[in-house]
> 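The following block contains the structure, expressed as structure tokens.
Lettering of chains follows the sequences in order, A, B, ..., and the numbering in each one begins at 1.
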Amino acid sequence: MGYDQKDLEARWQDWWEAEEIYRFDPEKLENVYSIDNPPRYASGGLHIGHATHYTHIDFAARYHRMHGNNVFFPLCFDVNGIPIEERVERKYGLTRKEIERHEFVKMCEEFAENNIGEMTRQFKILGESMDPSIFYQTNAEYYRRLTQISFIRLFDRGLVYKGERPINWCPRCMTAMADAEVEHRPRKTQLNYIHFSLDDGFPLVIATTRPELLATCQMIAISPDDDRADKLVGRKATTPIYNREVEIVADEKVDPNFGTGVVMICSIGDRDDLEWINKYDLNLEIAIDESGHMTDIVGYELEGMEVPRARIVMLDRLSSSGLIERAEDIEQNVGACWRCHHPMEFIVKPQWFLKTMPFKEQVMEAANDMRWFPEFMKIRLKDWVDSLQWDWVVSRQRYFATPIPLWECEECGEVVIAREDDCYVDPTIDTPPQAKCSCGGSLIGCEDVFDTWMDSSISPLYNTFWERDEKLFNALYPMSLRPQAHDIIRTWAFYTILRDTLLTGEKPFKDIMMDGFILSEDGTPMHASKGNVIDPIGVLEEHGADALRYYAANCALGEDNAFRMKDVTRGTRLCRKLFNVSSFIGNSLEGLEGAPERPSELRPTDHWILSEFDAVVSKATASCEEYRFDVAMREAEYFLWHQLADHYLELIKHRVRENDPAALYTLYTVGLGTVKLIAPFLPHITEECYQSWYKDHEGAKSVHVSSWPVELGFDADAAKKGEAVSQVAAAVRRWKSENGVALNQPVETAGIVSEIDLSDCISDITGPTSIQDLQFPSSDEIETKPTGAKPKFDLIGPEFRGDAGMIIGAIQSEDPVAIIGGRTIDVGGKEVVLKDYADIQVSTVYKGEAVDTEEEELVTVILTKNE
RNA sequence: GGGCCAGUGGUCUAGUGGUUAUGACGCUGCCCUUACAAGGCAGUGGUCGGCGGUUCGAAUCCGCCCUGGCCCACCA
């Protein structure tokens with residue numbers, strides 16, 4: 001008998017959807033577990049990393065759902081921003097500037113809608129339990145409205161300002177970027193040694209990587225520790241080509257050991273230049289425009305050239321005039337746009353800022369009030385917060401995003417902010433709340449849009465009905481869990497904590513769970529160019545969602561995990577094992593009405609498996625509470641496979657044939673419990689097992705809304721006895737295997753030597769082992785021959801500390817017979833009885849005959865071959 | 001340059017002071033035992049990255065170093 005994994009997955013996915021198994025109930029607010037699910041960016045399909053991350057989140061959702069929680073787990077999409085704009089531009093072979101703004105936005109919306117449809121399907125076939133009844137997308141007016149209101153609130157509190165100062169600018173995306181969106185990439189470039197001149201001919205060579213900015217050189221700096229400083233500081237040098245007289249100053253930031261130890265200060269090459277310009281109050285001379293071309297300041301034929309070309313031309317010019325001493329290759333880190341990887345420039349253009357710098361402490365206070373999983377991820381947030389130097393620039397010069405809801409007066413620059421009641425508004429279309437500025441000037445709608453993190457950073461506010469339903473908000477905020485990947489700590493996590501704390505005075509979530517990245521099978525990052533990209537949908541179609549989810553379950557939280565195909569294969573096997581075990585148990589229960597009652601008498605083997613079950617329930621539950629799903633999965637799997645299936649089932653088959661109520665009760669309880677423990681991880685096969693064999697007895701509609709198993713209790717002494725019985729069976733099996741005896745062949749006689757009295761377990765032992773004559777030899781029938789002694793380190797160490805070595809040595813070197821005989825040694829004037837601190841190993845002779853002994857931890861089984 | 005994480009049989013991996021270091025994959029041998037041969041049983045295989053320290057005892061704690069990954073950082 002078999003089953004078809006693909007078929008049953010599709011079947012249950014449709015059924016869950018039709019029956020709304022995962023629906024959040026807004027009426028039941030006492031026991032909510034809410035997940036601030038990351039809205040999936042709607043630029044394309046899911047890759048294996050997404051699939052794994054969302055599956056981890058799904059584990060949390062399903063685990064808490066089985067605790068009777070009303071789980072809030074929205075299906076949601078992030079639909080704003082540059083990547084979608086870029087995909088659309090590529091798809092239609094145009095740029096956004098070539099087409100009417102609102103027309104372009106429409107194209108972006110359409111593009112995103114298609115992706116949302118496909119990704120929704122992908123979430124479904126992965127078995128994710130997101131609830132479509134609380135669907136949202138960040139570009140919808142209902143969401144953008146809230147983005148705007150949240151901005152207006154902060155604006156009204158004076159936390160928003162318009163500033164004209166240098167900002168990160170991506171010449172390709174043609175927009176401002178926040179520091180968080182700048183990534184640093186190593187790049188090879190040339191350090192050029194250029195001759196400057198002094199009036200007296202003193203040789204002054206300056207090394208620079210950006211000769212194209214020579215026109216804006218306004219000052220030269222040298223380290224005060226430099227030997228030449230005395231001679232140079234305060235004098236003027238003349239720049240090459242442009243022949244500009246510039247002052248030489250001493251500045252401690254200059255490293256005397258880099259280049260020539262002399263720096264030209266330009267506006268604006270990098271952040272150092274910015275600092276110096278402020279420090280020395282220099283003019284901002286802008287050599288590079290918004291599109292990355294040189295401005296008229298640079299003159300000559302350089303004007304209008306793109307930066308890299310201008311650099312080459314400038315170097316040509318310098319070198320043909322003999323002004324270049326030499327050039328060397330160096331590697332430097334340059335800031336690049338996180339989206340398109342184009343090198344960033346600093347430019348000056350008025351932008352909107354949200355005050356961030358004053359709230360660093362507040363953010364960390366909120367962060368410290370959350371539980372971080374894993375804990376060390378909090379350090380990354382702290383590092384980022386500590387390193388912040390600028391307020392957050394929230395305006396972008398793009399189209400497909402939430403409009404900034406304000407108008408500005410043409411005449412006096414006064415800002416008129418939108419009324420909250422009017423939101424959502426688009427100032428490029430909608431009329432302002434007042435016809436004219438108070439000065440009488442016309443109001444112009446703001447054409448800038450928000451950084452997309454302005455939208456996503458209020459997801460906890462959106463989810464909890466902030467400003468829409470106070471009752472729901474009070475019940476739902478803060479949310480239970482923020483799951484996310486560690487690469488967006490400085491953006492999503494930081495901005496969310498910042499804004500939501502500012503707006504509500506309270507942290508946005510209680511727990512935060514950080515996922516790592518998924519690497520290719522060889523442990524390196526996946527890249528399309530390397531051909532090592534794993535397509536989750538392909539894996540899923542071949543092996544099924546449960547198998548892929550089994551891989552996901554084996555990924556440790558917070559760590560980068562390589563994709564392991566063999567885990568997928570093992571997942572398939574685990575599904576089969578679970579199905580077969582459940583089928584055996586289900587068939588055994590056939591004819592039974594309702595759930596089997598716990599009989600007053602259970603056999604020791606029942607107590608044993610129940611004790612193991614309690615242990616696994618306890619460990620799995622504790623692990624899931626801390627989002628260590630890999631641990632829970634491993635525990636449950638080990639129990640199912642190596643305790644329940646390999647041992648217990650074999651031990652009680654003979655009792656099942658006789659419909660023993662104790663065996664049936666135990667099988668039912670442990671079997672069902674195991675299905676439940678595995679249900680969050682492998683939702684399809686467990687639902688199949690539940691519906692086929694357990695539902696009629698327990699009665700829950702679906703395993704996923706049934707109750708998480710609890711510890712049932714057991715008799716510890718009986719459990720120990722049961723464990724001994726299980727060891728006898730294993731020993732007999734091993735002995736048969738080693739001696740070429742067929743497993744179903746009866747054993748004529750066998751003896752058991754054990755400190756545990758198993759005389760009331762005869763049928764428990766003979767049943768599974770087919771021993772015909774089971775004996776419990778008394779001590780005088782057995783001759784034990786000591787063969788060695790092992791020190792009990794855990795006793796000796798704490799008691800004798802520094803003298804432990806003497807006792808250990810004595811036990812190891814003494815004749816074991818003498819140790820049994822009560823040999824003592826003198827330790828610091830005290831007599832120590834060695835046998836109290838040693839385990840004696842013995843070989844056994846039974847009735848004078850040479851016998852095979854199979855040693856287990858609790859029992860020794862004496863066996864003789866039938867001749 | 002700073003920070004974080006990791007380094008355990010051929011491969012992947014569990015294990016935050018106490019007998020003989022866990023399990024999986026692989027490999028070898030045996031077994032169709034009536035839930036499962038994509039299964040079971042047994043075996044093979046490890047100087048726990050290196051050096052030093054603390055301790056009666058270290059894969060585990062401390063220090064230094066090496067290797068890999070990630071995050072952060074202005075070297076013009």
> Is A:Arg564 close enough to B:C25 that one of its side-chain N or O atoms is under 4.0 Å from OP1 or OP2 there?
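The answer is no; no side-chain N or O of A:Arg564 sits under 4.0 Å from OP1 or OP2.
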
> Using the side-chain heavy atoms of A:Arg733, tell me which of these nucleotides is nearest: B:C70, B:G40, B:C5.
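So the nucleotide nearest the side chain must be B:G40.
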
> Under a 3.5 Å cut-off for both contacts, is B:G1 paired Watson-Crick or G-U wobble with anything, and if yes, with which nucleotide?
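B:G1 is paired with B:C72.
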
> What is the separation between atom NE2 on A:His642 and atom P on B:U22, rounded to the nearest whole Å?
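So the two atoms are 14 Å apart, to the nearest Å.
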
> With respect to the phosphate group of B:C72, does any side-chain polar atom (N or O) of A:His184 fall under 4.0 Å of OP1 or OP2?
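For B:C72, neither OP1 nor OP2 has a side-chain N or O of A:His184 closer than 4.0 Å.
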
> Can you tell me, in whole Å, how much space there is between the C1' of B:U47 and that of B:A21?
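One C1' to the other, the span is 14 Å.
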
> Record whether the side chain of A:Lys253 comes under 3.5 Å of the base of B:C74 through a donor-acceptor pair of N or O atoms.
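Yes.
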
> What nitrogen or oxygen pairs link the protein and nucleotides 59-61 of chain B at under 3.5 Å?
none

> Taking atom P of B:G40 as reference, at what distance in whole Å does atom CG of A:Leu640 sit?
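Computing the A:Leu640:CG to B:G40:P distance gives 11 Å.
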
> Looking only at atom P, what distance separates B:G9 and B:C4, rounded to whole Å?
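Approximately 26 Å lies between the P atom of B:G9 and that of B:C4.
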
> Grab the CD1-P distance between A:Ile265 and B:A76 for me, whole Å please.
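Value for this atom pair: 15 Å.
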
> Look at the side-chain N and O atoms of A:Arg573 and state whether any lies under 4.0 Å from the OP1 or OP2 oxygen of B:C25.
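Looking at the OP1 and OP2 atoms of B:C25, one of them is under 4.0 Å from a side-chain N or O of A:Arg573.
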
> Counting side-chain heavy atoms from C-beta on, which of B:C4, B:A76, B:A24 comes nearest to A:Phe376?
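Of B:C4, B:A76, B:A24, B:C4 is nearest to the side chain of A:Phe376.
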
> Rounding to an integer number of angstrom, what distance separates B:U67 and B:A73 when you compare their C1' atoms?
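Looking at atom C1' only, B:U67 and B:A73 are 23 Å apart.
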
> For B:C41, which nucleotide in any strand shown is its Watson-Crick or wobble partner with both distances under 3.5 Å?
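Check on B:C41: paired to B:G29, both distances under 3.5 Å.
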
> Of all the choices, B:A35, B:A42, B:A76, which nucleotide is nearest to the side chain of A:Asn580 once you look at every atom?
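Shortest atom-to-atom distance from the side chain points to B:A35.
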
> Ignoring backbone atoms, establish whether A:Lys577 has a side-chain N or O less than 4.0 Å from OP1 or OP2 of B:A35.
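For B:A35, neither OP1 nor OP2 has a side-chain N or O of A:Lys577 closer than 4.0 Å.
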
> For B:A6 and B:U16, measure between their C1' atoms and round to the nearest Å.
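Approximately 15 Å lies between the C1' atom of B:A6 and that of B:U16.
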
> Would you measure the distance from the C1' atom in B:A14 across to the matching atom in B:A37 and give it in whole Å?
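Their C1' atoms lie roughly 28 Å apart.
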
> Indicate, yes or no, whether a donor-acceptor pair under 3.5 Å links the base of B:A38 to the side chain of A:Arg576.
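Checked by distance alone, the answer is yes.
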
> Nearest of B:C75, B:C12, B:G40 to any side-chain atom of A:Asp255?
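So the nucleotide nearest the side chain must be B:C75.
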
> Where the side chain of A:Phe258 is defined as all heavy atoms beyond and including C-beta, which of B:G39, B:A35, B:C75 is the nearest nucleotide?
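Output: B:C75.
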
> To the side chain of A:Ser387, which of B:A76, B:A73, B:G39 is closest?
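In terms of side-chain proximity for A:Ser387, the closest of B:A76, B:A73, B:G39 is B:A73.
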
> Please determine if a side-chain N or O atom of A:Lys378 lies less than 4.0 Å away from the OP1 or OP2 oxygen of B:C71.
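Checking B:C71 against A:Lys378, no side-chain N or O comes under 4.0 Å of OP1 or OP2.
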
> With the side chain of A:Ala804 defined as its heavy atoms from C-beta on, choose the nearest nucleotide among B:C71, B:C5, B:C56.
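It is B:C56.
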
> When rounded to the nearest Å, what value does the distance between P atoms of B:A38 and B:U20 take?
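Approximately 39 Å lies between the P atom of B:A38 and that of B:U20.
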
> Check the phosphate of B:G40 against A:Trp641, side-chain N and O only, distance under 4.0 Å to OP1 or OP2. Yes or no?
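Answer is yes, contact under 4.0 Å.
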
> Below 3.5 Å between N/O atoms, which protein atoms pair up with nucleotides 27-29 of chain B? Just atom names and distances, please.
none

